[in-house]
Amino acid sequence: MTATFAAYPEGSADAGVPTDVAEQAVRTLEALRSAQPCLWIRPARHRGDPGSAQTGFRAAWVEQAQARFQRFAPLLAELAPETAASGGIIESPLLRAAQMQAALHLPTRMGTLYIKADHGLAVAGSIKARGGIHEVLEFAETLALREQRLRPGDDYRVLNTPAVRACSARHRVAVGSTGNLGMSIGIAAALLGFQAEVHMSADAKAWKKARLRAHGVKVIEHAGDYAQAVAAGRAAAQADPLTHFVDDERSASLFAGYAAAADPLCAQLRQAGVRVDAAHPLFVYLPCGVGGAPGGIAYGLKQRLGEHVHCFFAEPVQSPCFFVGMMAQDGLLPGLPALPSVYDIGLRNRTEADGLAVPSASELALAEMATRLAGVYTVTDERLFADLHRLYASEGLRIEPSAAAGFSGPQMLCGTPAGQAYLRERGLLAHMPQSTHLAWTTGGSLVPPDEFDAFLSRGKSSAAALRAP
Ligand SMILES: *Cc1c(COP(=O)(O)O)cnc(C)c1O
């Protein structure tokens, strides 16, 4: 499962792009360049058909990831006491969010708002508990099987014996991160007895670095952006055969770990009495950085729910890397590189949403989303803070700015011409009262109280500013 991917199509003007799509693309690019929030609906698939992505990623890996989480559960319960109550399974609740729905002025005739509360995931405090921990577990398992310290069918708690931990301590896990992936990988690797090394970009928060160091993780700070931190980590790891590098821009193991979220969510939806079918559409709004986490989840959900689930990615107005990657993939950004960065369209990648401050998207995620993604939208930092404040005031939930990006989704879909056209063209308007809007809150429970208070007071003034005429 450690294959890398190079299936990205050539960037070029596409002779098959209809005029109205091309005109829409020009207007959208204008909005992107001027950092105005906007929604882009994937035009009718003029490129490829379902399943044509040539990434090498296999559907079976999603089930394997689920099974791996099960095998490791008894060990995790032992290593991370906060997971003991759930038997070592790291999951988040599905929450009905009636107060937040009211605060967002989303009328019930447009559907019902739910939250997938990954901001509270154990160990990592973010969605990275899914992909990041999965990759560390897969590395630990592969290594222990190869070195015959573990046999298939064993109780995985054997990995916590002093003899095995002494072997693990010779190995290192390294990663480049804006913060949360580093926290997830660093903490999980340290729990399992590996050395851990996290390459942090300039936008990573000081408290995240401090927390990692407190766990015995080696934090290496880089002056550059996320992509530079990843490149530095990759280079350092290549020089050392005992180092496993978690490659956020290419990793299939991360992707599979995220995709494994789909089954538990489907079970939670059933349990909550939420139907998903032709007359009950499900709209999912996923904050997007490099695209691995939202991509994996969208992949898993599409596997389970097919055309009845509609996935939208949300990015900061200064960091719409997946947005431009997708438009380029559709042949709508002639003159730009095949995998453009946000700098290529004059943006600066400066945002308080540190989890989403990424200049270019994952090629694996872009390729896998080619036929699975409904659309992408952007959101201002001001709106992120306003929604963070609204969520705390209405539901008492503590999230970080990145995790608020999903909450402008329903308005983007139901309240913009592009979103309304999407609903109309797919015959969804009649079903909106029975529809479900699911905002994925991707991080925040580990944010220190004083940091959170600063978020809140900024959110309060942002909310007031957005209300002002
Ligand atoms: C990492 C992260 C995301 C997005 O994940 P990607 O794989 O980078 O797209 C969203 N929200 C938070 C809080 C994150 O840390």
Side-chain angles (χ1 to χ4, degrees), residues 92 115-121 123-135 175-187 198 200-201 203-205 208 225-227 229-230 246-259 261 284-300 311-316 319-323 325-326 342 349 351-366 368-369 373 376 379 384 387-388 391 397-407 409 439-447 455:
S92 71
I115 289 169
K116 180 61 176 164
D118 272 11
H119 63 279
L121 282 177
V123 181
S126 80
I127 194 167
K128 303 295 192 306
R130 299 186 183 280
I133 293 179
H134 176 258
E135 178 148 353
V175 67
S177 172
T178 64
N180 284 342
L181 184 64
M183 291 229 291
S184 155
I185 300 285
I187 294 172
V198 177
M200 289 282 209
S201 54
D203 31 32
K205 303 280 183 227
K208 292 183 180 174
D225 66 12
Y226 155 86
V230 172
V246 176
D247 198 326
D248 196 18
E249 292 174 337
R250 297 172 192 171
S251 165
S253 185
L254 286 175
F255 199 79
Y258 292 120
V284 185
Y285 308 102
L286 294 149
C288 174
V290 70
I297 288 171
Y299 182 100
C311 297
F312 296 87
F313 289 1
E315 300 187 302
S319 307
C321 67
F322 209 90
F323 204 129
M326 204 182 65
V342 301
N349 192 30
T351 168
E352 284 299 313
D354 53 335
L356 313 181
V358 172
S360 23
S362 147
E363 299 183 30
L364 165 62
L366 271 173
E368 288 299 341
M369 288 306 100
L373 194 62
V376 186
V379 49
L384 292 178
D387 283 342
L388 178 150
L391 185 66
L397 302 179
R398 302 165 77 96
I399 62 170
E400 60 186 85
S402 298
F407 289 108
W440 211 289
T441 52
T442 47
S445 64
L446 296 184
V447 173
F455 290 161

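Indexing begins at 1, ligand by ligand and atom by atom, following the structure's order.
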> Can you find an N/O atom of Gly292 closer than 3.5 Å to an N/O atom of ligand 1?
yes
> Taking the side chain as C-beta and beyond, is there a heavy-atom pair between Glu400 and Asn180 under 4.5 Å?
yes
> Name the option, out of Ser402, Ala361, Ala293, that contains the heavy atom nearest to atom 5 (O) of ligand 1.
Ala293
> May I ask you to test the Thr351-Leu356 pair for a side-chain heavy-atom distance under 4.5 Å?
no
> In terms of residue, atom name and distance, what is the protein heavy atom nearest to atom 10 (C) of ligand 1?
Leu356 CD2, 3.4 Å
> Any chance you could lay out the ring-ring contact (aromatic ring centres under 6.0 Å, His included) test for Tyr285 and Phe407, step after step, and finish with the verdict?
CA-CA 8 Å; Tyr285 308 102; Phe407 289 108; 9.2 Å; no
> Tell me which protein heavy atom sits closest to atom 4 (C) of ligand 1, plus the residue, atom name and distance to 0.1 Å.
Gly289 N, 3.5 Å
> Please identify which of these residues, Pro316, Ser360, Pro359, meets the side chain to side chain contact (heavy atoms under 4.5 Å, CB included) condition with Asn349.
Pro359
> In the structure I gave you, are the side-chain heavy atoms of Val447 and Arg398 within less than 4.5 Å of one another anywhere?
no
> For ligand 1, indicate whether the residue Val358 contacts it via side chain, backbone, both or neither (heavy-atom separation under 4.0 Å).
neither
> Can you measure from CZ (Phe312) to SG (Cys288) and round to the nearest 0.5 angstrom?
14.0 Å
> I'd like to check Met183 versus Leu446 (side-chain heavy atoms, cut-off strictly below 4.5 Å). Are they in contact?
yes
> Would you call Cys288 a ligand 1 contact, heavy-atom distance under 4.0 Å?
yes
> Can Leu181 be said to touch ligand 1, with heavy atoms closer than 4.0 Å?
no
> Can you tell if the side chain of Val290 reaches within under 4.5 Å of the side chain of Phe322, non-hydrogen atoms only?
no
> Output the list of atoms in ligand 1 that are nearer than 4.0 Å to some heavy atom of Pro287, sorted by atom number.
4 (C), 10 (C)
> Quick check: Thr442 and ligand 1, any N/O pair under 3.5 Å apart?
yes
> With only distance considered, is Gly355 within less than 3.5 Å of ligand 1 through an N or O on each side?
no
> Please work out whether any backbone atom (N, CA, C, O) or any side-chain heavy atom from C-beta onward of Asn180 is under 4.0 Å from ligand 1, and answer side chain, backbone, both or neither.
side chain
> How far is atom 8 (O) of ligand 1 from the closest protein heavy atom, and which atom is that?
Val290 N, 2.9 Å
> Quick check: does Gly291 get an N/O under 3.5 Å from an N/O on ligand 1?
yes
> Answer yes or no: is there an ion pair linking Arg130 with Glu135, defined by an N-O contact shorter than 4.0 Å?
no
> Could you check atom 1 (C) of ligand 1 against the protein and tell me its nearest heavy-atom contact, residue, atom and distance included?
Lys128 NZ, 1.3 Å
